[in-house]
Amino acid sequence: MADHNHLIASKLTQQVSCLESIAALLDDELNAIASKRGEGLKSIAQQKISLLQQIQTIDKEVQKLSVNNDSKDDDVTALIKQVNSLLAECKKKNDVNAHAAHQAQLSVKQLKDILIGSPSSMTYDQGGSVVQGDKTIVHNLKA
């Protein structure tokens with residue numbers, strides 16, 4: 001059984017490593033979104049997909065090994081807690097990134113609406129209040 005627990009611990013350690021890599025990628029992704037640098041996002045997304053596939057494969061292997069394992073090892077229990085903690089952290093970071101991406105998309109849409117003179121475009125007056133656009137910005141440009 002010790003060899004069995006050692007194998008499970010090894011697989012869980014691989015999962016921890018993958019989750020730590022995803023956490024770092026999520027930090028990079030947020031930096032790219034915040035700085036409006038889209039060129040790296042495609043690469044980050046591909047790396048995340050690859051790591052997620054590895055995690056899923058490892059998870060299936062751990063499930064198969066756990067079915068045949070009656071004894072619980074303290075190292076395995078600690079690794080499972082670490083995996084769950086890292087997974088929760090990654091989910092939280094992913095939610096933050098999704099919100100940041102959505103906000104960036106809204107900003108770009110508002111800017112586009114202002115520039116093309118969309119009837120529903122919004123601008124701000126000197127006091128910072130929202131003013132509905134009337135296309136005068138675009139129509140009065142002489143550039």
Side-chain angles (χ1 to χ4, degrees), residues 1-138 141 143:
M1 277 300 162
D3 289 338
H4 207 67
N5 282 329
H6 180 71
L7 186 56
I8 293 172
S10 173
K11 295 291 181 185
L12 289 171
T13 302
Q14 289 175 353
Q15 241 180 358
V16 166
S17 177
C18 288
L19 285 167
E20 288 172 341
S21 296
I22 287 178
L25 281 173
L26 288 167
D27 290 337
D28 293 345
E29 182 179 59
L30 183 59
N31 289 333
I33 292 168
S35 64
K36 297 181 173 56
R37 290 180 296 114
E39 65 271 0
L41 290 174
K42 187 173 182 178
S43 170
I44 289 171
Q46 290 170 342
Q47 292 174 45
K48 283 185 348 185
I49 290 170
S50 174
L51 286 166
L52 286 170
Q53 289 171 341
Q54 288 178 24
I55 288 170
Q56 288 174 337
T57 301
I58 294 168
D59 195 51
K60 288 177 184 176
E61 293 170 1
V62 168
Q63 282 181 332
K64 287 179 186 176
L65 292 170
S66 295
V67 168
N68 300 325
N69 190 18
D70 293 335
S71 66
K72 290 290 181 187
D73 185 57
D74 289 340
D75 290 338
V76 170
T77 303
L79 284 168
I80 290 172
K81 286 181 183 178
Q82 187 178 6
V83 165
N84 288 332
S85 174
L86 283 168
L87 187 59
E89 177 186 339
C90 287
K91 285 180 181 180
K92 185 176 179 180
K93 286 182 177 189
N94 194 57
D95 289 344
V96 168
N97 289 3
H99 182 72
H102 180 70
Q103 292 300 316
Q105 181 183 15
L106 287 176
S107 295
V108 169
K109 182 186 179 321
Q110 287 177 343
L111 179 62
K112 181 187 91 174
D113 288 347
I114 289 169
L115 292 175
I116 64 171
S118 174
S120 64
S121 68
M122 295 184 305
T123 58
Y124 300 94
D125 64 12
Q126 292 174 341
S129 299
V130 175
V131 178
Q132 290 294 334
D134 60 358
K135 295 188 181 186
T136 57
I137 294 174
V138 175
L141 285 178

So which heavy atom on [X] is nearest to which on [Y], and how close?
X	Y	answer
Leu19	Val83	CD1-O, 3.6 Å
Ala32	Leu41	CB-CD2, 3.8 Å
Asn97	Leu26	ND2-O, 2.9 Å
Gln54	Cys18	OE1-SG, 3.3 Å

Once rounded to the nearest 0.5 Å, what's the spacing between atom [atom1] of [X] and atom [atom2] of [Y]?
X	Y	atom1	atom2	value
Asn94	Leu87	CG	CG	10.5 Å
Leu7	Leu65	CG	CG	5.0 Å
Ile80	Ser66	CD1	OG	6.0 Å
Glu29	Ile22	CD	CD1	11.0 Å
Leu51	Cys90	CG	SG	9.5 Å
Asp74	Asn5	CG	CG	10.0 Å

Mark yes or no for whether [X], through its side chain, and [Y], through its backbone, hold a donor-acceptor pair below 3.5 Å.
X	Y	answer
Ser50	Gln46	no
Thr57	Gln53	yes
Thr13	Ala9	yes

### Query
Would you say the side chain of Lys11 lies within less than 4.5 Å of the side chain of Gln15, judging by non-hydrogen atoms?
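No, their side chains stay 4.5 Å or more apart.
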### Message
Heavy-atom count check: over 12 atoms from other residues, nucleotides or ligands less than 6.0 Å from Gln105 CD?
### Response
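Open.
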### Query
Distance only, no hydrogens: is a donor on one side chain within 3.5 Å (strictly under) of an acceptor on the other, for Ser10 and Gln14?
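Checked: Ser10/Gln14 side chains show no N/O donor-acceptor pair below 3.5 Å.
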